[in-house]
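In what follows, chains carry the letters A, B, and so on, assigned in the order in which the sequence lines appear, proteins first and then strands, with residues in each chain numbered from 1.
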2 protein chains.
Amino acid sequence: MKNKKGNNGNVTLKEVADALGVSTMTVSRAINNKPNVDEKTRERILKTANEMGYTPNLVAKSLVSSKTYSIGVVIPEISHSFFPEVVKGIEEIANKEHYQIFLTNTSEDFEKEKKSIEALRAKRVDGILVSSSQTEEDFSYYEKIIDSGLPLVFFDRCIGNIGASCIGVNDFAASQQITEHLINRGYKKIGYLSGPKKVSIGKERFDGFVAALNKHGLDLNEKWVTENGYNEKDGYHAMSTLLKLPENERPRAIVAVNDPVAIGAMEAIREAGMKVPDDFAIVGFSDDIRAELMPSPLTTVHQPAYEVGKKAASKLIKTIEDNTEPIESVQLITKLIIRKSCGSS
Amino acid sequence: MKNKKGNNGNVTLKEVADALGVSTMTVSRAINNKPNVDEKTRERILKTANEMGYTPNLVAKSLVSSKTYSIGVVIPEISHSFFPEVVKGIEEIANKEHYQIFLTNTSEDFEKEKKSIEALRAKRVDGILVSSSQTEEDFSYYEKIIDSGLPLVFFDRCIGNIGASCIGVNDFAASQQITEHLINRGYKKIGYLSGPKKVSIGKERFDGFVAALNKHGLDLNEKWVTENGYNEKDGYHAMSTLLKLPENERPRAIVAVNDPVAIGAMEAIREAGMKVPDDFAIVGFSDDIRAELMPSPLTTVHQPAYEVGKKAASKLIKTIEDNTEPIESVQLITKLIIRKSCGSS
DNA sequence: ATTCGTAATGTTAACGCTAACATTAATCTG
DNA sequence: CAGATTAATGTTAGCGTTAACATTACGAAT
C-alpha cells in the first residue's frame, strides 16, 4: 500500500545504497560486519538502513549460499503430550543456533509424511527431523532421501542401519522392564495392546514384552495380543475386543504400547464395570501428562521428551554444519514410574 | 558426496534442459504445466526430470515471485494442551492450501517474541499468526508490523483495534458466566487467580469475573486477587499466598484464569490438607486434557482450540491472498463444563 | 509455392544478494 | 616525493527461476 516495488514493502540493499550514493556491496559489507569498511561509512549505512527499515532478505541470501537456516520437523501426532515436549526441545536448540523450524503433522499417515517431506525439500531446508509413521516395512523412500544427501535425523521412531542418526529411548529394554515388573508382582496371564509393528516403537516394545515373558518361562497367548493404532480410541477398541473373551480366557494384566492406548483401555474396563488394578492390572509407556491423574494412576515408562528434542536438534545441526559428523544411535534413559494401576501398593 | 555444484545435490532446471538440448524455459513451462509446450516434449521433459530427481527450488521461485508459501506461527507455550490443538488446526488448513508453517515458541517472553518475528520477517513469510505474550501495554511494535504491510492475524491473545484480525473466544462473557455459576451455587467469598493483565485473556477474564461480582452485588476483595503467570507453578504459588491468610479471611471459592493455574492451585490446597470442593470450590478455563481427571474434576470453560487454529489459518491465508479481505474479530463459542470442583453434584 | 497465423521454443533480464576480482584513495617507506 | 602497500569502495557475474519479449517451425489457406 505504501510501496512501489514487488518486494512487499521491503527495503532492499540497493535502495539503501542509492539513498547514500554508495554501492550495494559497501552496504552489504557494512551490514554483515565484514572488514574493509570505513568506520564512518559503516555507521552512516547502519543508521540509514535502520531508518529505512531495512530487513535482510534471507530468500535471496539463501539462493546465493544454498543454506536456508530452516529445518523441517515431521511429527506423527502433535496432540500426543509427548510430542509438544519434543518440539519444545527442538525449537529451543534450533533457535539458539539461529535456525527456524517448519512443523508438519502427519496424523500417522505415511503418504502425508512423504508429501510433507517433498514440500520441505522443495523449500530447501538444511535438514529434517523425522518421527516416522512407518519404519519397518519399506525403507526405500528414506534410503533415497538419505542418499540424496539431505541431512536427516530420526527421533523416537527410527529406521535403523540406513545411514541416519537416531535419537530415541531404549524401547526394548524399557518394555521388557515394565513387563517384568508385572511378572514380579505375580501376574502370569498378561496381554499386550500393540501399535502397528511397522513402526519401530511398535516392534521394539512388543519384542521387549515377549522377551520378558520368555525370560520368565511364560507363554505368549496370541489371543491376548491385539494390534491397533496409537491413540485412545485404539486402546479402547483393543480392550473391548479382549473383554469379549469368556471370563476365564481373559488376561489378568495388560501391557499397552503407550499411555494413550492404556488410557483408552482403562476407559473400556471402567465401562465394562470392572476395576483397575483389581480386575485388570495395566501399564503404559511414555508418562502422558494424564497418567498420574487416572482413577487408578498409571504405571508407565517416563521418556525424557524434552531431552529427545534437544538432542535430536543438536545432532541434526551438527550433521548439517559438519558432514564428517558421525552417524549415531542414541538411546536416552527412561525411568520406570510405578503407580497403582499395576497393583503396587 | 555425489555432486559437483553447490546446490546440495539438487538438480536444476538448467541441468535438465542441457540433458535434453532444450532451453530452460521449455523445461520450466513443461514442469509447471504451462500451455504452448508440445505434448511429446512435455512428456520427454517430465520423464527426464523425474529420472534425474529434479525438485523445484522454491527459494529461487520465491525470489522471483516474492511469495514463499510459508507462514509464521508464534506461540507462547507449546506444552499447554490448548496450543498443540490450535497448531494442529493451523497445520491442517495451511497444508491444504500448500503453505508450510514455521513454529516458534516464545515461553511467554516478549523479547523472544519480537526476535522470532524479526527472523520470520527476514525469511519473508507471507504472513504471521500470533498469540502474543503482551497485548495490553505497548502496541507500538505490532503497529509497526501491521503498518509495514505484513499480513498478521492474532489468535487467542489479541491486540484489538490496531488493524489486525483476531480469532479468539469470548473470554469476558465466558469468565462472567463461570463466575456466576459459582455465585448461583451460593458462594459469596470468591477469589481470583489472575494471569498477567498485560495479556488480553488476562484482562478480559478478570473483567468478566468482576462484572459477575458487580452484577450480583458482591464486593471485590483485593486481598483475594493475585496476579502471576499462566502455569501450574504460578497457580500453586498464588494459592499458597491465599492460604497464608487467617482462616476466616480466606475466600471460599476460587476462579482461576486458566486450567493449569487451577491445577496448580488444587495441588496447593491438597498439600495444605484441604479438599476441593469441600474447603475451596474452584473453577478454571480452557478445558485442559487433565481437567476431568483431577481428584475433584475441574469445572471449566471449554475452548474450541482446533477450530481456533483452523479459523485463524484460513483467515490469514485469505488476508494474504486477497488484500481486500476485511479485518475481522471472531469470537468462537465456548462451553461451560460443569464438573465437581465447584461443588455441583 | 507463397503468405499467414499460431504453436513451439528460445533469449534476455530481473528478483536481492554476495564472492571474486577491479579500481581508486589513503598511507607508508626510504 | 616517487613507488609500493594497504584500506576502501566499486563492478561483474551468478545463485535458480520466471515474465516478457523474440524467434523459429509448421500446417493451413490461397
Side-chain angles (χ1 to χ4, degrees), chain A residues 3-46 48-49 52-69 121-126, chain B residues 3-46 48-49 52-69 121-126:
Chain A
N3 183 261
K4 343 86 245 213
K5 323 274 293 311
N7 192 208
N8 294 324
N10 284 119
V11 178
T12 136
L13 266 191
K14 184 161 186 314
E15 286 167 358
V16 177
D18 288 351
L20 285 160
V22 298
S23 74
T24 61
M25 262 321 286
T26 303
V27 180
S28 171
R29 280 189 273 250
I31 285 176
N32 294 288
N33 273 302
K34 293 277 163 76
N36 298 334
V37 182
D38 187 88
E39 215 30 64
K40 280 185 189 143
T41 318
R42 167 167 284 142
E43 275 164 29
R44 226 157 41 99
I45 290 174
L46 258 31
T48 311
M52 297 177 71
Y54 174 79
T55 338
N57 185 327
L58 260 44
V59 173
K61 227 166 174 164
S62 293
L63 185 57
V64 176
S65 63
S66 43
K67 173 128 181 70
T68 57
Y69 280 96
R121 173 193 271 299
K123 288 226 158 98
R124 295 296 188 265
V125 293
D126 294 336
Chain B
N3 183 261
K4 348 83 243 221
K5 322 273 297 307
N7 195 206
N8 294 325
N10 286 118
V11 178
T12 136
L13 267 190
K14 184 160 187 314
E15 286 168 359
V16 177
D18 289 350
L20 285 160
V22 298
S23 75
T24 61
M25 264 320 289
T26 303
V27 179
S28 171
R29 280 189 274 252
I31 285 176
N32 293 289
N33 272 303
K34 293 277 163 74
N36 298 333
V37 183
D38 187 88
E39 214 31 62
K40 277 184 191 145
T41 317
R42 165 167 284 139
E43 275 165 29
R44 225 157 40 99
I45 290 174
L46 259 32
T48 312
M52 296 177 73
Y54 173 79
T55 337
N57 184 329
L58 259 44
V59 173
K61 227 168 174 161
S62 293
L63 184 58
V64 177
S65 63
S66 42
K67 175 130 178 68
T68 57
Y69 280 96
R121 173 193 271 299
K123 288 226 158 102
R124 295 297 188 264
V125 293
D126 294 336

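Remark: A:Glu43 does not engage A:Lys40 in a salt bridge, criterion side-chain N to carboxylate O under 4.0 Å. At a threshold of 4.0 Å, the pair B:Asp18-B:Lys14 counts as salt-bridged, since one of the basic side-chain nitrogens sits closer than that to a carboxylate oxygen.
Between the CZ atom in A:Arg124 and the OG atom in A:Ser62 there is a gap of 11.5 Å [rounded to 0.5 Å].
A side chain to side chain contact (heavy atoms under 4.5 Å, CB included) with A:Val59 holds for exactly one of B:Leu63, B:Val64, B:Leu58; it is B:Leu63.
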message: Apply side-chain contact (heavy atoms from CB on, under 4.5 Å) to residues B:Asn33 and B:Arg42 and explain how you reach the verdict.
response: CA-CA 9 Å; B:Asn33 272 303; B:Arg42 165 167 284 139; 4.1 Å; yes
message: Could you go through B:Arg44 and B:Leu20, starting from their C-alpha distance and side-chain angles, then the distance that decides it, and tell me whether this counts as side-chain contact (heavy atoms from CB on, under 4.5 Å)?
response: CA-CA 8 Å; B:Arg44 225 157 40 99; B:Leu20 285 160; 3.8 Å; yes
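Residue-level contact check: A:Val59 touches neither bases nor backbone, having no heavy atom under 4.0 Å from any strand.
Across the protein-nucleic acid pair, B:Leu58 atom CG and D:dT17 atom P stand 10 Å apart, rounded to whole Å. In this structure, A:Asn33 places its CG atom 14 Å from P of D:dA8, rounding to the nearest Å. One atom, NZ of B:Lys14, and another, C1' of D:dC15, lie 13 Å apart when rounded to the nearest Å. One atom, CG of A:Leu20, and another, C1' of D:dA8, lie 15 Å apart when rounded to the nearest Å. Distance CG (B:Asp18) to C1' (D:dG16): 13 Å, rounded to an integer number of Å. In this structure, CG of B:Leu63 is placed 9 Å from P of C:dC15, rounded to the nearest angstrom. Between the NZ atom of B:Lys67 and the C1' atom of C:dG16 there is a distance of 19 Å, given to the nearest Å.
Within a heavy-atom distance below 4.0 Å of DNA chain D, no residue of residues 35-46 of chain B is found.
Looking only at side-chain heavy atoms (C-beta outward), A:Arg29 and A:Ile45 stay at 4.5 Å or farther from each other. Looking at B:Ile31 and B:Val16, their side chains never come closer than 4.5 Å, going by heavy atoms from C-beta outward. Residues B:Asn57 and B:Thr12 have side chains not in contact (no heavy-atom distance under 4.5 Å, counting atoms from C-beta outward).
Mapping B:Arg124 and B:Gly21 onto DNA chain C via the closest heavy atom, the residue that lands nearer the 5' end is B:Gly21.
With no hydrogens or angles considered, a side-chain donor-acceptor pair links B:Asn32 and B:Lys61 at under 3.5 Å.
One finds no side-chain N or O of B:Ser23 lying less than 4.0 angstrom from the OP1 or OP2 phosphate oxygen of C:dT9. Residue A:Thr12 has a polar side-chain atom (N or O) positioned under 4.0 Å from OP1 or OP2 of C:dC17.
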Please list, pair by pair, any protein nitrogen or oxygen found under 3.5 Å from a nitrogen or oxygen in nucleotides 18-22 of chain C.
{"from": "C:dT18", "atom 1": "OP1", "to": "A:Asn32", "atom 2": "ND2", "distance (Å)": "3.2"}
{"from": "C:dT18", "atom 1": "OP2", "to": "A:Ser28", "atom 2": "OG", "distance (Å)": "2.5"}

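Set against D:dG10, C:dG16, D:dT17, the side chain of A:Val22 has D:dG10 as its closest nucleotide.
One axis for each end of the helix from C:dA1-D:dT30 to C:dG30-D:dC1, each built from five base pairs, and the angle between them comes to 50° at 10° resolution.
The main-chain N or O of A:Val125 is never found under 3.5 Å from a side-chain atom of A:Lys67 such that the two would form a donor-acceptor pair.
Taking all atoms of both residues into account, the shortest heavy-atom contact from A:Asn10 to A:Glu15 is O-OE1, 4.1 Å.
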